[in-house]
Student: 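One structure follows; several queries about it will come next.
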Amino acid sequence: MEYNFEEIEKKWQQYWREHNTYKVEINNAKPKYYVLDMFPYPSGAGLHVGHPLGYIASDIFARYKRLKGFNVLHPMGYDAYGLPAEQYAIQTGTHPAVTTEKNINRYREQMDKIGFSYDWNREVRTSNPEYYKWTQWTFIQLFKSYYDNTLKKAAPIDGLVRKFEESGTEGLDAACGKPLTFSASEWKAMNEKEQQEILMNYRLAYLADTMVNWCPELGTVLANDEVQEGLSVRGGFPVVRKSMRQWSLRITAYAERLLEGLETIEWSDSIKDVQRNWIGKSMGASMFFKIDGSDREMEIFTTRADTLFGVTFMVLAPEHEMALEIASAEQRKAVEEYVTWAKNRSERERMSEVKKVSGVFTGAYAVNPFNGTKIPIWISDYVLMGYGTGAIMAVPAHDSRDFAFARHFSLPIIQVVAKQGEAPSDTSSWAESFDAKDGVMVNSDFLTGLSVKEAIERMIAEIEKRGIGKGKTNYRLRDAIFSRQRYWGEPFPIYYKDDMPYPLDESLLPLKLPNIDQYKPTETGEPPLARAKNWVTVDGNPLETNTMPGFAGSSGYYLRYMDPHNDNAYFSKEANGYWQQVDLYIGGAEHATGHLIYSRFWNKFLYDIGLACKDEPFKKLVNQGMIQGRTSFVYRSRNDKNLFVSKNIEGRSADTDPIRVDINMVHNDILDVDEFKQWRDDFKDARFVFEKDKDGNDVYVCGWEVEKMSKSKYNVQNPDDLVVKYGADTLRLYEMFLGPLEQSKPWDTQGIEGSFRFLKKFWKMYFDKNGDFAVSDEKATKEELKVLHTLIKKEEEDIERISFNTVVSAFMICVNDLTTMRCNKREILEPLVIMISPYAPHIAEELWHLFGHEDSVVSQQFPKFNADFIGDSSFVYPVSFNGKRRFDMELPLDMSTADIEKAVKEAPETKKWVGELNIKKIIIVPKKIINVVVG
RNA sequence: GCCGAAGUGGCGGAAUAGGUAGACGCGUCGGUCUCAAAAACCGAUGAGGUAAUGCUCGUGCCGGUUCGAUUCCGGCCUUCGGUACCA
């Protein structure tokens, strides 16, 4: 019987569907394992071969864990809210739900063909009301909570209200927008609106005027991780900074815990580093400088308190509230002009001109509290309002940005740190500042002679002693802006009364997304939801017209899978107690500063309010690499637009330009010239300069390059085509065989033949010459058992460390060996079916049933490894002399070191090679090598 | 600039704890079968040298540790990814 993958795969996919083979329930008798893929946004383009890579890996792992006796939760769903469907809606009027539904169906169809073992009963879609009910519910909980820095966790805002009533802000340490101080009686004297405004300063979901990334083209604000190099990640449109009243999540309250949590999870060092940098913890001091001739003070933040005697000027950010206030009369106009100019620059302009120094003197001076020096205060946009206090003390000798500024405006530069063992030098001859934190203090009064590290500590202590500041930790992490001026997202469960936001009663959830007739913002610039009719509560209070961002729905979806149909709770205590957290999470590294941080925050909050039983959502994370395209090129003559020169023609590169061609017209780097001529109109008169292949035929050879897989580069490989041609099992095997999961690698369709051949060979082992299923019940030989158990060991070890490519190799070796031995014994071939089932589930299921079994291979046990079968009684050691000359020596494995030494000394080869030289020592590495050192 | 990852045949890659570098696959070359082709199977395949070999060189470059280094250490180079006036 031929290996008819088409028939086999159809048959078993249907069987699995009909038998609900992958449905999973809580089973306290079994240990659980939770394997999760990052759910996809269903785009219109469908899947290319890069997308299923991670899904195949997680599927293999899930299937393997099932065979190992685990109760495996392996769900899938869709991140269904997103910009492309909305933009399509604006252009065509098609409701985003319709587009999304269509795309989801296409995704599902493609995924089903690959034979995944998802429990589709647990599917979630972020745009379903049954799902987003809980997104909205979580938002309300965030709104009703604040972060208690003393307890280091979230707490109910009601408790804060009681605290204010009793003692005001006295002794309060809570995360907030800006520090406030008031007494209990002051609190009680406030009206409702004033109190609400105060509380807003503490809520974990809060409304505030914030500088946001505004994208005029998209008509919406964007979070920091949705902006790259001043352009929107989606669409690539310019982004400007703008102050707007927006919802934010106080993720900064969790900065320290997000940092600490990284120590407890099994993620790669590189992704942990990305998150550490994004959180950007820096320890230093905040301190106040008096302003000369005024009773005002300016607060600055510095990590280099040690350099205080090297301060020669101060800088305020242009947006700093003091910027205009302190300007002297004669400088006032210049300051105003500068501030206006700085405000109107787009984010991109600002970035592209990073190296250009600009700024203006305010005319005011600050006083150095340690030596009384008057220090000019400047304004410059190299100081950012969003970090620290928006004001700095500038030490040009030891900070490269301050240095550039000082040089540009001819400000003095004072050295206060010198390299170990070097005398201070004349700063006017310096080409750059000395930023390093290793050195000795000079010119610094009581700090002189100390190391930088010591000086920082000493200075902070001194600052605190004098009451002019204190040690402080700053984080680069910003609060997450949570509103979007879009239609296709979760509505906020918020209404307004007296202009203040209030949460809807939880019984009113979900607050469903209303239908509207147009999807673009209103003429007055309000969000699309402002077009909705009756977008008010029953009392007529207006509802929030913003919607939530993409990351809202994806921040807690992994929890919902545990109990997806629960209408009374996000998930039950029982379900969460059983499934706990994701054991293995597979997905792209591009979410490092977005989804993977928001989810951790979301989860920590749910943990704080007693809902989630684990503090971290994803125990182990694996980032699959990108599959890049292998683009093919033809070379067009510059002089003759219709002439194409084959790659290896001499002198070709001098006067041709490479042009991308569709990889489907290129086989083995040989161009199908007829297809090429028909491909595009401007190529229909193409002529070619061919080269000769080995048989002397004229061929056109294409060049190639590795690039990102994309439609516009004509290098997209569609998985469906491969499934049709080779079957899903071959595709699965080949995607894994391509290389290490975490590594980016180019797609090469040619190599898939190897995996296909392997499966055909594998299949053949089970059939005789006549094509009948034929396995013998004869006892397996020692050799055959050795081959089998070597594979069991390899597969177990390598799967656990997510090294699937080497397992596939091991399968190939195993099948080659068994084929050579003409092994057709049940004792070997039956376990093999179980072992290959995670990788090639269809063929495994077919063979399993041919063995006469009624049940699915899915419910089997992974074969037990037995070391006795591979443990030889002897081992062949290479014996080398000074690492050079060598001979092989077969010795029993249980031989003692002393006996091995003796045997080596007495070997005739040793006598021959060593001659009259002395043996200095003999190094024995068990099962590896014996090294004889002579001299 | 800073942080991270990686550099091994014609190509993808292997070497899991410092121990015979190049497993496995693709491609290429040669062969078997066939009227022929496909499929399948067998053999060769890092470079150089040799009648032949357990010979010489060889894991980005330079140096170090070691009997022995793709692996560890120091210094460079290149590529990719992240991030960027973060004080």
Side-chain angles (χ1 to χ4, degrees), chain A residues 2 228-229 268-274 276-278 280-282 284 300-304 307 315 350-351 353-357 380-384 386-395 398-402 404-405 435 474-478 589-590 592-593 625-626 628 630 668-669 694 704 706 734 737-740 742-755 757-758 760-761 764 794 797-798 801 803 805-806 808-813 816 819 876-878 880-888 909 920-935:
Chain A
E2 276 295 292
Q228 237 167 26
E229 286 165 21
S268 71
D269 287 337
S270 64
I271 203 132
K272 282 186 184 180
D273 258 316
V274 169
R276 278 190 202 107
N277 291 340
W278 189 258
K281 180 179 185 174
S282 56
I300 60 103
F301 173 77
T302 180
T303 54
R304 293 295 300 273
T307 59
V315 188
R350 200 167 158 158
M351 284 184 171
E353 292 168 15
V354 157
K355 292 284 168 283
K356 276 192 195 163
V357 177
S380 172
D381 64 357
Y382 84 87
V383 173
L384 305 175
Y387 182 77
T389 60
I392 62 157
M393 61 177 216
V395 186
H398 305 292
D399 182 286
S400 54
R401 294 150 302 171
D402 297 346
F405 194 84
D435 294 9
N474 252 326
Y475 299 91
R476 222 191 64 155
L477 185 72
R478 304 293 153 79
E590 68 271 20
T593 54
M626 258 213 303
Q628 295 141 322
R630 189 179 184 277
N668 240 338
D669 287 340
K694 56 167 169 116
W704 60 272
V706 171
Y734 184 57
F737 185 66
L738 221 44
E742 306 209 49
Q743 198 170 298
S744 287
K745 56 232 155 189
W747 178 261
D748 175 16
T749 296
Q750 240 181 86
I752 199 170
E753 294 280 354
S755 304
R757 268 174 220 153
F758 161 74
K760 282 192 283 191
K761 219 165 164 179
K764 256 191 177 164
K794 180 84 178 158
E797 280 174 4
D798 286 6
R801 60 187 187 100
S803 173
N805 53 328
T806 52
V808 178
S809 294
F811 267 114
M812 288 175 173
I813 296 167
N816 283 344
T819 308
V876 180
Y877 285 91
S880 77
F881 295 86
N882 282 1
K884 293 205 162 184
R885 300 204 101 146
R886 65 166 51 94
F887 69 94
D888 294 341
E909 285 90 345
K920 280 190 170 166
K921 62 176 168 179
I922 296 178
I923 299 155
I924 299 158
V925 182
K927 286 189 89 174
K928 285 202 171 151
I929 198 165
I930 298 169
N931 204 302
V932 183
V933 185
V934 295

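Protein chains get the first letters and strands the later ones, always in sequence-line order, with residue 1 at the start of each.
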Student: Nearest to the side chain of W278(A), heavy atoms from C-beta on, is which of G25(B), A87(B), A84(B)?
Tutor: A84(B)
Student: CG of D402(A) versus P of A87(B): gap in Å, rounded?
Tutor: 12 Å
Student: Roughly how many Å apart are A15(B) and G9(B), using the C1' atom of each and rounding to a whole number?
Tutor: 15 Å
Student: Report which part of the nucleic acid V383(A) touches: base, sugar-phosphate, or nothing (heavy-atom distance under 4.0 Å, all strands).
Tutor: base
Student: Write down the distance between CG (N277(A)) and P (G4(B)), rounded to a whole number of angstrom.
Tutor: 8 Å
Student: Can you list the residues that meet the salt bridge (Lys or Arg N to Asp or Glu O under 4.0 Å) rule with R478(A), with sequence neighbours excluded?
Tutor: none
Student: Kindly point out which of G13(B), C86(B), A87(B) is positioned nearest to the side chain of F301(A)?
Tutor: A87(B)
Student: Between C62(B) and A5(B), how many Å separate the two C1' atoms, rounded to a whole number?
Tutor: 23 Å
Student: So, is K760(A) close to the A40(B) phosphate, meaning a side-chain N or O under 4.0 Å from OP1 or OP2?
Tutor: yes
Student: Measuring to OP1 and OP2 of G13(B), would you say a side-chain N or O of T806(A) lies under 4.0 angstrom away?
Tutor: no
Student: Give one of base, sugar-phosphate or nothing for R630(A), where a contact means two heavy atoms less than 4.0 Å apart.
Tutor: nothing
Student: Which part of the nucleic acid, if any, lies within contact of S803(A), taking any heavy atom under 4.0 Å across all strands shown: a base, the sugar-phosphate backbone alone, or nothing?
Tutor: nothing
Student: When the P atoms of C55(B) and U20(B) are compared, how many Å lie between them, rounded to an integer?
Tutor: 15 Å
Student: To the nearest Å, how far apart are E2(A) CD and A40(B) C1'?
Tutor: 10 Å
Student: By nearest nucleotide on RNA chain B, pick out whichever of R304(A) and K745(A) is the more 5' one.
Tutor: K745(A)
Student: Considering residues at least two apart in sequence or located in another chain, which fulfil the side-chain hydrogen bond (donor to acceptor under 3.5 Å, both in side chains) criterion with K764(A)?
Tutor: none
Student: Atom OH of Y387(A) to atom C1' of U83(B): distance rounded to whole Å?
Tutor: 15 Å
Student: Of the candidate nucleotides C24(B), C86(B), C3(B), which contains the atom at the shortest distance from the side chain of S809(A)?
Tutor: C24(B)
Student: Kindly give the atom pairs (protein nitrogen or oxygen, nucleotide nitrogen or oxygen) under 3.5 Å for nucleotides 5-10 of chain B.
Tutor:
none

Student: Taking syn as a glycosidic torsion within 90° of 0 and anything else as anti, which one is G46(B)?
Tutor: anti
Student: Pick base, sugar-phosphate or nothing for L384(A), based on heavy-atom distances below 4.0 Å to the nucleic acid.
Tutor: base
Student: Is there side-chain contact between V274(A) and T593(A), with at least one heavy-atom pair below 4.5 Å?
Tutor: yes
Student: Find the distance between OG1 (T307(A)) and CE (M393(A)) and round it off to the nearest 0.5 Å.
Tutor: 3.5 Å
Student: With rounding to the nearest 0.5 angstrom, report the CD to CG distance, Q743(A) to N805(A).
Tutor: 8.5 Å
Student: Taking the P atom in each of A21(B) and U34(B), what is the distance between them to the nearest angstrom?
Tutor: 43 Å
Student: Starting from C1' on G13(B), measure out to CZ on F737(A) and report it in whole angstrom.
Tutor: 8 Å
Student: Have a look at N805(A) and say if it touches a base, only the backbone sugar-phosphate, or nothing, with a 4.0 Å heavy-atom cut-off.
Tutor: sugar-phosphate
Student: Can you tell if the side chain of I392(A) reaches within under 4.5 Å of the side chain of Y382(A), non-hydrogen atoms only?
Tutor: yes
Student: For S809(A) and T806(A), test the side chains for any donor-to-acceptor distance below 3.5 angstrom and give the result as yes or no.
Tutor: no
Student: Under 4.0 Å: is that the gap between some side-chain N or O of N816(A) and OP1 or OP2 of A23(B)?
Tutor: no
Student: Among the nucleotides C85(B), C26(B), G25(B), which one has an atom lying closest to any side-chain atom of Q750(A)?
Tutor: C26(B)
Student: Write down the distance separating the C1' atoms in A14(B) and U65(B), rounded off to the nearest Å.
Tutor: 27 Å
Student: Suppose we screen for side-chain hydrogen bond (donor to acceptor under 3.5 Å, both in side chains). Which residues come up paired with S282(A), at least two apart in sequence or across chains?
Tutor: Y387(A)
Student: List RNA chain B stems (3 or more consecutive Watson-Crick/G-U pairs, under 3.5 Å)?
Tutor: B:1-7 with B:77-83, B:10-12 with B:24-26, B:27-32 with B:40-45, B:46-48 with B:55-57, B:60-64 with B:72-76
Student: Which whole number of Å gives the distance between the P atom of A23(B) and that of G12(B)?
Tutor: 15 Å
Student: Measure from CE on M812(A) to P on G13(B) and round the result to the nearest Å.
Tutor: 15 Å
Student: Write down the distance separating the P atoms in G22(B) and A38(B), rounded off to the nearest Å.
Tutor: 33 Å
Student: Nearest-Å distance, CG (L738(A)) to P (C11(B))?
Tutor: 16 Å
Student: I'd like to check Y734(A) versus W747(A) (side-chain heavy atoms, cut-off strictly below 4.5 Å). Are they in contact?
Tutor: yes
Student: May I ask you to verify whether the side chain of R757(A) and the base of C41(B) hold a donor-acceptor pair under 3.5 Å?
Tutor: no
Student: Does any donor atom in the side chain of N816(A) or K761(A) lie under 3.5 Å from an acceptor atom in the other side chain?
Tutor: yes
Student: Could you check whether I813(A) gets within reach of a base, just the sugar-phosphate, or nothing at all, counting any heavy atom under 4.0 Å?
Tutor: sugar-phosphate
Student: Can a salt bridge be assigned to the pair D273(A) and R276(A) using a cut-off of 4.0 Å between side-chain N and carboxylate O?
Tutor: yes
Student: Within this structure, what is the CZ-to-P distance between F758(A) and A23(B), rounded to whole angstrom?
Tutor: 18 Å
Student: For the C1' atoms, the ones on C11(B) and on U45(B), what distance do you get once it is rounded to whole angstrom?
Tutor: 14 Å
Student: Sequence neighbours left out, what passes ring pair (Phe, Tyr, Trp, His ring centres under 6.0 Å) with F737(A)? Give chain and number order.
Tutor: none
